[in-house]
Every structure is written in C-alpha cells, then in structure tokens.
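Below is one structure, written out as structure tokens; the observations come after it.
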Amino acid sequence: MPAHHLALTHVKWAANIVDTSGILDKVCIWERDDRKYRGGRPTSLNVRATLIAWLIVAFEQQPLYSMRVAEVLSVRMTPEAALIMGAPVDYATAKYADMQNRVERATNRLLEVMDYKPLPNRQRRLLKGELPAVLEDREMRADELEDKRLRMFRFANDLLHAQYDSLPESAKTHELSLTIDATFLAAPSHGMSKEQKDRRRDDQTLPLDPDAGWYYREYDQRDSWDGTETHAKKVGYGYEAELAVLVSNDPDHRESVPHIIVGFNFHRPSKAWNFHAREVFDDILAWGHGFGYVIGDQAYLPNANPEMLQNPLRDAGAMLSMRYPIGSSVASKGEGVKQAIAHGAFMLEGRWMCPATPMTHRDIMVRYNKAVQDDKKNPKLTKAMREEREVSHRQRRYAQLQERAKWELGQKDKQANGNLVMTCPASGSNRHLDCPLKQNEPAPKNGVDLMPVVNVPKMPGDICTNKNSVTFEAELGAKYRQHHRYGTAEWDDMHTYGRQTIESFNRSLKRSDNSLHDSTNRRLRGEASQAFLTILGVVAQNGRNIYKWLDEEYDQTRPAEAPRRRQKRTNHLAPVKRTARTKKKPSRDLSASRRARYGLIPA
C-alpha cells in the first residue's frame, strides 16, 4: 500500500486537469441526455472526486484498480485533500469495503455514458450463443453507440488539451508539429483464434475481452527512429492506442516544447487506423491550432489513402515527412522507383523530375543502402569502422542529392485547389539544364554552369513542349509528396527526431514502473473501459514529462518558434552524428507558485 497520506501536490495537479478540461460539464449533459427515468437520491461519490482519485493513482504509477482509488478516498484522505477534491471529510473514516463499492458504482456511471461496445454482463465471460444477440443489439443501436464513442474521444482529448493549455505561453505556438503512431496494449485476458471460436459450442465461453483483436507484426522494418533495419515479430491480443506526440517546430531546438501526447484515439489493432488518425488531426484543427510538420511511419505516410490523410493535412498547411519503402520490399513505389507519371515527367521519392534524369541520379538511395548493408555484412570491419564508413556514405549521399535537385521541376505556383504549376528545369533564368528541346532560353542567373541533357526523351510530354509551365493536378503523386527533399540532411533531422520522439514515448508508457506496463494492472472489461484506463496512464505520463521538461530544459527566454516553411536553396552537409545535448537549466528556477499555477509536480 502506498504512503498513508495524499501528497497535496498530486491532488492539486489532478484537480487542475479535471477542472480546466471542462469535461465535468459534458459528463453532466451526457448523463442528462441518457436518463430514461426521473432518478433517485443523489450519488454519494461525485464524478469530480472520482476522476481526481483515478488520476492520482495513475500518476503515482500504481495498478489501476478500484481498490487503489478507494484508498485515495478513504484511508489516505486528509482534510486538505478533501477540500480540494470536494469530497466529505468523513471519507477518511469510511469503511474501506464501502468506499470500494462507491468507487465501482461511480466509475460504472461515468463509463456508462461513454460505453460504445456494451456487454450484457461484465461479471462473467460471454457465451458463444449469446454473441449474435449482442452484435444485433449493437447494430440496432449503431447511431447511439457511435455518439458514445465520440464522447469517449472527447473525454480523452479534452484532458490532453487541458494539459497543453497549462504550459507556459512561451512554449505554445499556433502551428503544432506532430508525430503520429499507434502503440499496442495487451488486453487483461487471453485471446482465441478464429478457428478456436468456430469450434466452440454455443454453451462454451468466449475470451473475457471479446472486443479485443489480434496484433501481429512480422516484417523487416526500416522505419525505426534511427532508420536502421530491424526484424520485428510480435503477437498479442488487445487494443491499439493512436497517439499524436508534440514535437518542436525546429529540430535544432528540441527542448523548446515538452514531448507530450496532444491527440488520442483507441481501437482494435490494424482496424481503420488511418480513419482514427484523421479524427485526431481534425480535432486538433477544431481546437484552434494549425499544423507545422506532421511525421508518420509507413502505415500512415505514405501508405494511407491520400484522400484520408495526405490531402487534408496539406490543405490544413501541414508539412509532411515520411520514409519510403526500400525498392526490393513487397511494398511498391519506394526508393528509386517511379511513384507517378504525368505530363512527360515522373515522380521520384516525392519530387517531380525531368524525364531525362540520369540513372545515376535515380538510384542514389538504393546505392547508399546497399553500401551500408555491405559494411554490416563485412566481418573484417569493427563497429567503429562501420560507423565511420556510414558517415562517409551519408555525406556522399547528401552531396549527390544536392546535385539531383538540379533535375527537379520547379514549382512556380500553388493554386487554391491544390494544383501545382510546374516549370521545366531547363527553362527560364533560374534553369540548371541545357536541353535541346528548350531553345532561345534566357541566360541563367549568376552565370550558373548548365548541365547538358543527353538522354532527350523521344516522345516528350507537355513539360518539355510547353513554353512556360504545366499544371499538375493535386491528386497526381499526392500519396508521396513531402516537404523536405527525401534523404537530405534537413529531412534526416526532422524525420529522425519525430520518429525517435514517438518511439521513446511509447517505451515510456510500457516501462516496468508504469501503470500501463502490465495488462493485469488494467482489469476493467470492455473496450471503453480499457480506453478509459489507457488515457489515465497517458495523462499521467504527460504530467511527468512536463515536469521533467520544466525542471531540466525549459528556458523562458527562448520561446518556441513557428515552423520555417521556406526550404533552403542548397542542402547543408551536416554531420551525421549529433553531439550529446547538454540539458539546459532554466534561466532562473521556477518558483513554487508558478509550478502550482501550471499544475506541475515532481515525479
């Protein structure tokens, strides 16, 4: 059992989040809308005190049990804590068993207004013969249950928004840079395969969590935070949480913001994850924010339907960052492969290219990956030698990509409907190429030496024959377009930073000292109940991250900046390895009053 008395800082932190989120008013409205009868006597434990107690348990990294919440409200209660929570002081003298019953009833009332996948009985397993009736009932109540799912979504994200709004003003910007990913959370029960379910008789039981699903991954994944290849194999039965993590608009000043979750969704594994990610992004827009960078792994970018993610995000001003599959993988249209063809040009790694682009410029990333892999397989090389050679390979890659940029089509304009007005790289005064198809062009600016076009297309398209420009429809190559040139130092900086941040947060949620680490710490049944417990753990981890950031890195004299939208004309050849970042201390320590104002407490 934890320390007898509650820490007032913990109580104030939890109360601040609950009160500033505005969720209590929404819960009251939802209860009123769902009420089918006049009602009886007032509840003995209100929603506010219940939520505060649950958050305290999550922040203290205890198992998320109702018995722990009952301890907070009874044996650990103090008069000062009771005053903040709005709970009767006599709770401290209440019988422990009675308080646990109150907590369970209060929690069930709260979950009932957000339970979008109800079960007829949560005290026992569902029989196979009962499942058809449950599914039929859900289908008949589809609209009602969808409303409840959106209530759970609103409940979770209002708590997260309250945490972001509590940050110092100098750390907040209108345009948020985000990295999106899903993390798997095992259900507190064993699963059952489809074949096993089919063999069950109608009087035999199904898994304790019938709405959970199987999570299965077995592939060569090259989208880890550092870009290395890993062979992943993981199987589990449970749910996935969609998480949008806040990152800095400037990867060179990562300490300008705390890395916290600002968007959350919950679903079965591998089920409509792009739809759920879209809901998160739409909610952030409705919150009043815009987008800076948006970074995702290959499941989202580029593999999503562009009408679901890429196009709406671009329309909202997002600068996308993605990694393409390696050319030899099952996934098509990756590195070194033509991703789209239009008007005589082709798209290569997110950029529209001249049709005469030499092959030596097309397979730069393919050759780089082969060189790195050959070094890994070479037994004569030590680890230090491999790292040194990888630096050399990467610097060569940067230089080659800088040369390839001369073969890119120039973007003259972007129309309101998203169409791109593109120009040939051998036309105009900004040209870099000398092409026989482009005669009588003006002299290049600053006396640039022009590169001769050798492989002139035999059947040139509009980009070669039009005198001025060609309009590329917005949907052409929409799946693959991104802000930075793929593989350059700028791309490396931002994409690696974003992927590193989300993977780090996912690991922190599942550390052995975290409430979400073990599925047995989350014993409430049903998808809505698991979503409720998961968001408690996420909010608690956010709180710890914010305090650590305030204590070690926040500098109020250096506010967070808006994203830089203009790309550099040339790619800098930055060193691959970063020097270790020394943690900045604030220009002056935050006072106790300011910490209380922000609702932040030590871990």
Side-chain angles (χ1 to χ4, degrees), residues 8-30 46-60 64 84-86 110 113-114 150-176 178 241-247 257-266 279-290 505 509 515-516 531-550 554 560 590 593-603:
L8 284 182
T9 50
H10 292 195
V11 181
K12 291 177 181 178
W13 169 81
N16 178 68
I17 293 174
V18 172
D19 292 340
T20 57
S21 69
I23 197 62
L24 297 176
D25 293 336
K26 291 185 177 68
V27 171
C28 290
I29 294 173
W30 297 339
N46 60 45
V47 172
R48 182 175 181 272
T50 305
L51 270 180
I52 292 173
W54 273 110
L55 283 173
I56 291 171
V57 170
F59 189 86
E60 293 177 344
L64 297 174
I84 296 172
M85 298 174 69
L110 175 60
V113 300
M114 302 183 290
L150 294 176
R151 290 175 180 177
M152 177 61 75
F153 179 81
R154 183 77 278 122
F155 171 83
N157 286 281
D158 278 358
L159 293 176
L160 299 177
H161 295 175
Q163 287 189 294
Y164 178 84
D165 290 339
S166 72
L167 297 176
E169 288 300 320
S170 61
K172 294 187 284 189
T173 60
H174 170 67
E175 295 174 311
L176 305 183
L178 306 168
E242 217 81 42
L243 305 175
V245 179
L246 178 72
V247 295
V257 297
H259 298 145
I260 59 173
I261 301 295
V262 294
F264 175 91
N265 218 335
F266 203 76
E279 280 192 322
V280 169
F281 290 127
D282 287 347
D283 184 64
I284 291 172
L285 288 175
W287 181 18
H289 285 277
F505 197 100
L509 283 179
S515 301
L516 301 180
F532 171 74
L533 297 180
T534 301
I535 190 58
L536 295 178
V538 168
V539 169
Q541 186 61 46
N542 271 358
R544 289 187 287 271
N545 285 6
I546 292 173
Y547 175 78
K548 183 178 179 181
W549 169 78
L550 271 176
Y554 171 56
L590 291 174
S593 61
R594 289 193 71 188
R595 292 181 186 279
R597 173 183 160 196
Y598 296 136
L600 301 167
I601 55 178

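All heavy atoms count here, side chains included; hydrogens, waters and symmetry mates do not. Everything numeric here is computed off the predicted structure, so don't read it as measured data.
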Can you tell if the side chain of [X] reaches within under 4.5 Å of the side chain of [Y], non-hydrogen atoms only?
X      : Y      : value
Tyr554 : Val257 : no
Thr534 : Leu509 : no
Leu516 : Leu64  : yes
Phe264 : Leu160 : yes
Val57  : Ser515 : no
Arg544 : Phe59  : yes
Trp549 : Asn545 : no
Leu51  : Ile23  : yes

Walk me through it: do Lys26 and Phe155 pass the test side chain to side chain contact (heavy atoms under 4.5 Å, CB included)? CA-CA 8 Å; Lys26 291 185 177 68; Phe155 171 83; over 6 Å; no
Compute whether any side-chain donor of one residue and acceptor of the other, for Glu175 and His289, lie under 3.5 angstrom apart.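 The criterion, which ignores hydrogens and geometry beyond distance, is not satisfied for His289 and Glu175.
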Are the side chain of [X] and the backbone of [Y] linked by a donor-acceptor contact shorter than 3.5 Å?
X      : Y      : value
Arg48  : Met85  : yes
Asn16  : Lys12  : no
Asn542 : Ile261 : yes

Applying side chain to side chain contact (heavy atoms under 4.5 Å, CB included) to Phe266 and Phe153, what does each step give before you reach the verdict? CA-CA 8 Å; Phe266 203 76; Phe153 179 81; over 6 Å; no
Looking only at non-hydrogen atoms, find the nearest pair between [X] and [Y] and report the distance.
X      : Y      : answer
Val245 : His259 : CG1-C, 4.2 Å
Asn46  : Gly86  : ND2-O, 3.7 Å
Leu176 : Tyr164 : CD2-OH, 3.3 Å
His174 : Gly288 : CE1-O, 3.1 Å
Ala560 : Ala171 : CB-O, 3.9 Å
Pro258 : Leu246 : O-CD2, 3.6 Å

Applying side-chain contact (heavy atoms from CB on, under 4.5 Å), can you list everything that pairs with Asp165, at least two apart in sequence or on another chain?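 Asp165 satisfies side-chain contact (heavy atoms from CB on, under 4.5 Å) with Trp287 once adjacent residues are dropped.
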Quick one: OG1 on Thr20 to CD on Gln163, what's the gap to the nearest 0.5 Å?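 Going from OG1 on Thr20 over to CD on Gln163, the span is 8.5 Å.
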Quick one: CD1 on Ile535 to CG on Leu159, what's the gap to the nearest 0.5 Å?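 The CG atom of Leu159 is 6.5 Å from CD1 of Ile535, to the nearest 0.5 Å.
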Apply side chain to side chain contact (heavy atoms under 4.5 Å, CB included) to the pair Phe532 and Trp54, showing each step before the final yes or no. CA-CA 10 Å; Phe532 171 74; Trp54 273 110; 4.1 Å; yes
With side chain to side chain contact (heavy atoms under 4.5 Å, CB included) as the test, would you mind laying out the steps for Glu169 and Lys172 before giving the verdict? CA-CA 5 Å; Glu169 288 300 320; Lys172 294 187 284 189; 2.9 Å; yes
